*Asks:* 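Encoded as structure tokens, here's the structure I'll be asking about.
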Amino acid sequence: SEGKPSQGGIARVFSYLRSEKSKDHEALIINGGDSMNRGSPSYSDKFQCQEWSWYNGLCDAMALGNHEFDYGFKVFEECRKKIKYPIVNATLVGISNRKPFFNIKGKPYLILKRKGLRIGLFAVSGSDFPTLISKQNMPENTEFQDPILATRLVVEALRKENVNAIIKIGHNSYNEDIALAKAVPGIHLILGTHSHIKENLALIPGTQTWMASPYQFLSYVSHLELRFRDGGISGITGDLVRMDSTLPEAADIKKRVDANEQLLRADPLFSARFKKIGSIDYNISNSSHYSIESELGNWTMDILRAKAKAHIAVSTASSFRSEIQKGDLTTENVLESLPFQNQTVVLEMKGHEIRFLFEMSLKKRGTDSFLQFSGVKVVAKNTSIKQIQILKEPTEPELGYTPILDGETYSVAMTNYLADVAIDYRSVLGAIKDRDNKNFTVNQAVIDALSSTAPARPRLDGRIRFEE
């Protein structure tokens, strides 16, 4: 994680959480959700929610993430039966009765009593959940209601319950969390999860709501302290704690994980993923991919653009999870960095539509919705494009670049997630009818490239440049 060895891991996190709980047995321990992911890592496909029950007696609540239904509702319900802490979500409701599917004693929120105080916890789903989760994997006759509406109802109810603090524990995008805090006053703390952003505790501008987000891969834990005076919050302090080699691992959890890893690698369904497919003599960094070009983004998009024979290839920064380290590579290594099984589509787009695409990316700078790309050169200032050029010929990049013309048509390769799901992009991309659905995923394109020959060494070439 973050290009550093021996960081994260559930055994280390358990050791830390147990230690903190021993110091203060009334400490709240919250899980932000998304502890499974179909397709990658292989560990998830084989063991699914096995570790959920490990948290019994330690975790107070878990937010529903978009990946909790990855293996279908039947598997989800079997998982839920094994845990003693509640899964919290206020947006999944019955289509006919509008009652929340998840409830604790008939209510879509949780109130925990600590040190004579009443702490209200709730979670809502991002507006992208209806497109991220297959309808066939959801409970029958349910749908996701508007997260702002659900939040207003919950916050109003919690106020009537005379709670001393209101905490949202997931599971929206970073931008939606900020919008939610501005739209619904009264939330004291938001624990960010969905966007995988690393952000220390900070006050959301224009609100009285604090937010912290602990990145991904259990690389960090948000350790926060709420202070009260006369029954109200007087301050929130804390920071992200790095789960690295300076912290011990819980021996019992490590023993379970190591045994599972051996079972995984011996399983014929997964063993091929751990065989060598190629090698590289350089690291491929994923640094700063939320705000500027990255080696992994450039390298992957160059491979995708060439395979799709398109003018441009684009993908949201959310597609890229971790750097690829030099040495022999396996399919599993690639999927650790590029985990999502999103199909490639090629859209025929007008020049003005491509401008919209990159202008939206600039507005998303600093989030996982920022674009990594190949085939264009962009000069920008703040959120405005000053200059944009495109390859003259998709299959002959050596011919160089030429200015994009608004009325001309160009081929643009991307994931079907970007085309059909990604918030704000889909309103334009989803309406483009001239599209070619390719029979390969982005990660498969990389696996194929590594299997045939070592792709060109990645480099930062200034494909996006920001003016002061």
Side-chain angles (χ1 to χ4, degrees), residues 30-37 61-70 87-93 100-102 108-110 120-133 138 142-156 158 166-216 220 222 224 240 290 316-318 340 360 363-370 417-418 421-427:
I30 308 299
N31 184 331
D34 269 4
S35 57
M36 299 186 289
N37 189 80
M62 180 176 105
L64 179 77
N66 53 289
H67 289 290
E68 261 64 74
F69 291 133
D70 272 11
I87 294 176
V88 186
N89 178 275
T91 41
L92 186 66
V93 298
F101 179 83
F102 294 95
Y109 51 81
L110 175 66
L121 305 179
F122 78 99
V124 294
S125 305
S127 61
D128 53 356
F129 271 43
T131 45
L132 288 174
I133 302 173
M138 290 172 52
T142 61
E143 65 181 9
F144 290 102
Q145 66 174 327
D146 178 72
I148 291 181
L149 170 63
T151 299
R152 285 198 176 108
L153 294 173
V154 166
V155 170
E156 181 180 353
L158 285 170
I166 298 176
I167 303 173
K168 177 184 171 292
I169 65 173
H171 193 97
N172 301 75
S173 70
Y174 178 78
N175 286 337
E176 284 193 336
D177 275 336
I178 292 174
L180 203 62
K182 293 180 177 179
V184 187
I187 305 170
H188 298 103
L189 175 64
I190 291 177
L191 302 176
T193 48
H194 192 33
S195 288
H196 301 252
I197 283 176
K198 183 177 75 174
E199 182 162 285
N200 289 316
L201 180 68
L203 187 66
I204 297 175
T207 77
Q208 296 299 310
T209 302
W210 292 82
M211 182 165 69
S213 181
Y215 194 48
Q216 60 185 12
Y220 296 84
S222 301
L224 309 175
L240 304 185
Y290 282 8
T316 55
S318 61
F340 302 116
M360 182 58 65
K363 294 176 182 177
K364 301 290 186 181
R365 193 179 185 203
T367 77
D368 62 353
S369 294
F370 182 74
Y417 167 79
L418 176 58
V421 177
I423 296 172
D424 294 326
Y425 292 108
R426 66 190 181 202
S427 60

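Here the structure is a predicted model, which means the values were calculated and not measured.
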*Asks:* Holding to salt bridge (Lys or Arg N to Asp or Glu O under 4.0 Å), I want the full list of residues that pass it with Lys182, two or more places apart in sequence or in another chain.
*Replies:* none
*Asks:* Can you check whether Phe122 reaches Ile167 side chain to side chain, under 4.5 Å on heavy atoms?
*Replies:* no
*Asks:* Which atoms form the tightest heavy-atom contact between Val154 and Ala90, and what is the distance?
*Replies:* CG2-CB, 3.7 Å
*Asks:* Do Thr131 and Arg426 touch side chain to side chain, with heavy atoms closer than 4.5 Å?
*Replies:* yes
*Asks:* Enter the distance from Asn66:CG to Ile133:CD1 here, rounded to the nearest 0.5 Å.
*Replies:* 6.0 Å
*Asks:* Quick one: are Ser195 and Thr367 in side-chain contact, heavy atoms under 4.5 Å?
*Replies:* no
*Asks:* For residues Leu180 and Ile178, determine if any side-chain heavy atom of one lies less than 4.5 Å from a side-chain heavy atom of the other.
*Replies:* no
*Asks:* Do you know which of His196, His194, Glu199, Lys364 makes side-chain hydrogen bond (donor to acceptor under 3.5 Å, both in side chains) with Tyr174?
*Replies:* Glu199
*Asks:* Below 4.0 angstrom, N of the basic side chain to O of the carboxylate: do Asp177 and Lys168 qualify?
*Replies:* yes
*Asks:* When rounded to the nearest 0.5 angstrom, what distance separates CZ in Phe69 from CE in Met138?
*Replies:* 6.5 Å
*Asks:* Within this structure, what is the OG-CD1 distance for the pair Ser173 and Ile423, rounded to the nearest 0.5 Å?
*Replies:* 5.0 Å
*Asks:* Show the nearest heavy-atom pair for residues Gly192 and Ser213, with the distance to one decimal.
*Replies:* O-OG, 3.5 Å
*Asks:* Test side-chain contact (heavy atoms from CB on, under 4.5 Å) on Leu158 and Tyr109; report intermediate values, then the result.
*Replies:* CA-CA 8 Å; Leu158 285 170; Tyr109 51 81; 3.3 Å; yes
*Asks:* Any idea which heavy atoms bring Leu203 and Trp210 closest together, and the distance?
*Replies:* N-CE3, 3.4 Å
*Asks:* For Ile87, is there any backbone N or O sitting under 3.5 Å from a side-chain donor or acceptor partner on Glu68?
*Replies:* no
*Asks:* Could you pull out the closest heavy-atom pair between Ala150 and Gln145, with the gap in Å?
*Replies:* CB-NE2, 3.8 Å
*Asks:* Side chains of Gln216 and Lys198: does their closest heavy-atom pair fall under 4.5 Å?
*Replies:* no
*Asks:* Against Leu189, only a single residue in Ile169, Leu201, Ile166, Leu121 fulfils side chain to side chain contact (heavy atoms under 4.5 Å, CB included); can you say which?
*Replies:* Leu201
*Asks:* Looking at every non-hydrogen atom in both residues, tell me the closest pair between Asn172 and Gly126 and how far apart they are.
*Replies:* ND2-CA, 3.6 Å
*Asks:* Looking at side-chain heavy atoms only, is the closest gap between Leu132 and Val421 below 4.5 Å?
*Replies:* yes
*Asks:* With rounding to the nearest 0.5 Å, note down the distance linking CZ in Phe101 to OG1 in Thr91.
*Replies:* 12.5 Å
*Asks:* Can a donor-acceptor pair be found between the side chains of Ser125 and Asn89 at a distance below 3.5 Å?
*Replies:* yes
*Asks:* Look at the aromatic rings of His171 and Phe129 and report parallel, tilted or perpendicular, splitting at 30° and 60°.
*Replies:* perpendicular
*Asks:* Compare every heavy atom of Ala181 with every heavy atom of Ile190, then report the nearest pair and how far apart it is.
*Replies:* CD1-CB, 4.1 Å
*Asks:* How far does NZ of Lys363 sit from CG of Asn175, to the nearest 0.5 angstrom?
*Replies:* 12.0 Å
*Asks:* Distance check, rounded to the nearest 0.5 Å: Leu92 atom CG versus Thr142 atom OG1?
*Replies:* 4.5 Å
*Asks:* Taking the side chain as every heavy atom from C-beta outward, state whether Tyr290 and Ser369 have any pair of such atoms under 4.5 Å apart.
*Replies:* no
*Asks:* Step by step, work out the side-chain contact (heavy atoms from CB on, under 4.5 Å) result for Val93 and Phe144.
*Replies:* CA-CA 6 Å; Val93 298; Phe144 290 102; over 6 Å; no
